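Structure first, commentary second.
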Number of protein chains: 2
Amino acid sequence: MTLTEIGKRAKETAGVLGILSSDKKNEGLRAAAAALLEGEEDILTANQEDVIQATINGMSAGMIDRLELTPSRIEAMADGLISVAVLEDPVGEVISMKARPNGLTIGQKRVPMGVIGIIYEARPNVTADAFGLCFKSGNCVILKGGSDALESNKAIVKCLRAGLKNAGFPEDSVQLITDTDRAVTKEFMRLHDYVDVLIPRGGAGLIRSVVENSTVPVIETGTGNCHIFVDETADYKMALDIIFNAKTQRIGVCNACESLVIHRNIAEEFLPLLKARLDEKQVEVRADEEACRIVPAFVPAAAEDWGTEYLDYILSLKLVDSIDEAIAHINRYNTKHSEAIITSDYANAQKFLNEIDAAAVYVNASTRFTDGFEFGFGAEIGISTQKLHARGPMGLKELTTTKYIIYGNGQVRP
Amino acid sequence: MTLTEIGKRAKETAGVLGILSSDKKNEGLRAAAAALLEGEEDILTANQEDVIQATINGMSAGMIDRLELTPSRIEAMADGLISVAVLEDPVGEVISMKARPNGLTIGQKRVPMGVIGIIYEARPNVTADAFGLCFKSGNCVILKGGSDALESNKAIVKCLRAGLKNAGFPEDSVQLITDTDRAVTKEFMRLHDYVDVLIPRGGAGLIRSVVENSTVPVIETGTGNCHIFVDETADYKMALDIIFNAKTQRIGVCNACESLVIHRNIAEEFLPLLKARLDEKQVEVRADEEACRIVPAFVPAAAEDWGTEYLDYILSLKLVDSIDEAIAHINRYNTKHSEAIITSDYANAQKFLNEIDAAAVYVNASTRFTDGFEFGFGAEIGISTQKLHARGPMGLKELTTTKYIIYGNGQVRP
């Protein structure tokens, strides 16, 4: 099938999904979940093909672990679909409705986007997750997964489609692009006649490529060069706990802390405590000259450290003279993801919240909370680091748009 | 100045504008308005240069009228800035704030976008209007106007900047790109390191070029192939009044009606009445075969008529057997702008509102109401026909984004 055919089918199907009731959509999700469990053997067989090929290709053990499926991981995918069925459906909510002086009643109603494209590199479970969130929000989805997981993704999508079809839902609610040619991926990014929004999920390279090439509106997700600023009035214990959590609780994620900014007035006291705490996990600290003088075990930072998302047991560290200097530094080097201040000072807390340019700004808490589940959305399709449409964690609501509905009784414009 | 320098200045200034109080921003708008009036003579002189050049270039009289400024038009620009000062400031509103089970309080706060780019072809008054809306919403604006109005735009921006500067505001709140080279315009579209959103205002060609070339997130505005469906239960007088208004009240605008869809059951009765009414303004009707049989004075429609935005005293007309056929036809050919049904039937009104895919869907009213002022926003920067971020008329609120503000007391992620 050509991409245009895939796009046409999606667009046609979007018209059907867009007006399904929540009850019907939940029925479809449960049917798809059941089909995943029934297809377990086929999915595992296909996944083994991917794993064998990845081993031949020399993929690292960690990456193979992310790729490999087990009966319990397939069960978790099915459970994920059921848990999306339980969530509140955002579609149909009328956000506002007001009468105009001329008697027109103008309302703004939440409706599905239509067709959502998702390009991802990650684990095969994203295939089922992304389908579930799009389906629940009344959207068709076109998936383009990584070539390493192609056979697994094909098997998963086959099950989802069969489950939908048997339950009387359009199987084209979810389609997978199976051509791994890069030219096809680029063509997908230019399918704006059929795709309403494109969400890339993956590393910085993938996201850059989508932003560069796409004519479909894009929601940028992902990279996080997240900072924690320790103000001079910070509670040291709180600061140490939060830094330790934000850096080491899970290192490979976008909301992990990558850089510390410390008020110079507390450096002599605080840095040795910090060193001791980070040593528990052998975290390497790349610090500016003065900090290295205070703690000689710190590694001197190079200029490129300030802008680096390590995703590793490494942190950069800079001393500053004031909150203004801290804010300027963070706004210069951050990726607009998540930033935190640790402080006891009311004015500085408010100033940081107001002046930091990021999707999520914290006072006295770990940056690791930037997450759809932690924010109470019950789901997450990604974390937007752009300003258009959605900013921060995106749940079901962020997969919808609005339309104005206007009730008249013959009004014409004077 | 290079585009990168312009971008850097805008980004720096955005940090200043983003935290100004409403009172301060209103003061800036009033200062800019006063400066426009003071600079009247310079603006008129510059505008005459543009008008003379346009005359030499053979511009039509209608276009020259749009280009030409008069003392009263300059006064209207200044009044426009004052009226924006009176509007409510969307920045700083906390849309929601909830406590999480772990004690975190998570709020979502409206903040400026940062730097807004506007590429426009239209009249020079857009220069002042766009500045006013961006400034009030705390955004820096970089303007790229049409080359026909270059001298006028330069003079207007010079006044605005001088007014801001004299009142103690950063003059780089508004910058104009004066290089008319097309390569520069393309470079502007790729300035995503500095520009947060790009809004093209103009014809279909301009908008297509921006969508094709931009790496900055774009809000598509504009083209409207708007339909009115006359259901079999329609009140004929209401239908005729609305069609006449939507087609002829102003022909060159995106919310004008371009196509009629009429239920076949009423065609014999309704079409002659329609013909008589549209004859008052010599509207040409390009109709399908059966409609032409009923009213021989109708012109046979070609296939391309269904997708054409005439912006003229021309309408296409198609007969259908059912509301489903009407909806399918409209969803196929519309540009997702504004669509109306004229009906007395409850179920059909609801069905049309639900199933039509457009920014604004009307029951028993003219499509001409799709407009920021008519919707009660008090202002309009354009009408979005895309689904991401904003859909339909865009006022001050649509020039903002949100950020999550999170108040903690030491929370770490388990």
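Chain naming here is simple, since letters A, B, ... match the order of the sequence lines and numbering starts at 1 in each. Keep in mind it's a predicted model, so treat the numbers as computed, not measured.
You'll find the side chain of B/Leu104 stays beyond 4.5 Å of the side chain of A/Glu374, heavy atoms only. Proximity of A/Ile406 to B/Val361: side-chain heavy atoms (C-beta onward) are nowhere separated by under 4.5 Å.
Only the side chain of A/Asp196 comes within contact range of chain B, with heavy atoms under 4.5 Å apart. For A/Lys109, the part lying near chain B is the side chain, with the backbone staying farther off; criterion is any non-hydrogen pair under 4.5 Å. Proximity to chain B (any heavy atom under 4.5 Å) is shown, for A/Glu339, by neither the backbone nor the side chain. Residue contact with chain B, scored on non-hydrogen atoms closer than 4.5 Å, involves the backbone of A/Ala359 exclusively. Looking at B/Ile405, both its backbone and its side chain come within 4.5 Å of chain A, counting heavy atoms on both sides. Of the two parts of B/Gln350, only the side chain, counted from C-beta on, holds a non-hydrogen atom closer than 4.5 Å to a non-hydrogen atom of chain A. Of the two parts of B/Ile242, the backbone and the side chain both hold a non-hydrogen atom closer than 4.5 Å to a non-hydrogen atom of chain A. Neither the backbone nor the side chain of B/Asp235 comes within contact range of chain A, judged by heavy atoms closer than 4.5 Å. Heavy atoms of B/Arg100 lying under 4.5 Å from chain A belong exclusively to its side chain. Using a 4.5 Å cut-off between heavy atoms, A/Glu220 makes no contact with chain B at all. For B/Ile19, the part lying under 4.5 angstrom from a heavy atom of chain A is the side chain only. Using a 4.5 Å cut-off between heavy atoms, A/Asp371 touches chain B through its side chain atoms alone. Looking at B/Val218, the atoms closer than 4.5 Å to chain A (heavy atoms on both sides) all sit in the backbone: N, CA, C or O. With a threshold of 4.5 angstrom between heavy atoms, B/Ala358 approaches chain A through N, CA, C or O but not through any side-chain atom. Proximity to chain A is absent for every atom of B/Lys237, based on heavy atoms less than 4.5 angstrom apart. Residue A/Arg190 touches chain B through its side chain alone, counting heavy-atom pairs closer than 4.5 Å. With a 4.5 angstrom heavy-atom cutoff, A/Val216 does not touch chain B via any of its atoms.
Ring centers of B/Tyr407 and A/Tyr362: at least 6.0 Å apart, outside the cut-off.
Counting only distance, with no hydrogens or angles, the side chain of A/Asn245 and the backbone of B/Arg413 share a donor-acceptor pair below 3.5 Å. The backbone N or O of A/Val412 lies less than 3.5 Å from no partner atom in the side chain of B/Ser366, so there is not a single donor-acceptor pair. Side chain of A/Gln249 to backbone of B/Pro414: a donor-acceptor contact under 3.5 angstrom is found. A donor-acceptor distance shorter than 3.5 angstrom exists from the side chain of A/Lys403 to the backbone of B/Leu353, with no hydrogens or angles considered.
The most heavy-atom pairs under 4.5 Å with chain A, out of B/Thr215, B/Asn409, B/Asn364, B/Ile327, come from B/Asn364. Ranked by heavy-atom pairs shorter than 4.5 Å toward chain B, the options A/Glu355, A/His192, A/Met113, A/Gln386 are led by A/Met113. When the candidates B/Leu388, B/Asn213, B/Ile356, B/Thr401 are compared by the number of heavy-atom contacts under 4.5 Å with chain A, B/Leu388 comes out ahead.
Under the 3.5 Å distance criterion, with hydrogens and angles disregarded, no donor-acceptor pair is assigned to the side chains of B/Lys11 and A/Asn331.
For A/His389, there are no ring pair (Phe, Tyr, Trp, His ring centres under 6.0 Å) partners two or more places apart in sequence or in a different chain. Looking at residues two or more places apart in sequence or on another chain, you find a side chain to side chain contact (heavy atoms under 4.5 Å, CB included) between B/Thr233 and B/Asp231, B/Thr343, B/Ser344, B/Asp345.
The aromatic rings of B/Phe375 and A/Tyr404 lie perpendicular to each other, with more than 60° between the two planes, well past the 30° mark.
The distance from atom CD of B/Gln411 to atom CE of A/Met238, rounded to the nearest 0.5 Å, is 8.0 Å.
Summarising the geometry of B/Gly408 relative to A/Ala365, their closest heavy-atom pair is CA-CB, 4.3 Å, with the distance given to 0.1 Å.
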Practice item. In sequence, state the C-alpha distance, the side-chain angles, and the governing distance for B/Val111 and A/Lys387, and then conclude on side chain to side chain contact (heavy atoms under 4.5 Å, CB included). Key: CA-CA 10 Å; B/Val111 297; A/Lys387 294 181 180 175; over 6 Å; no
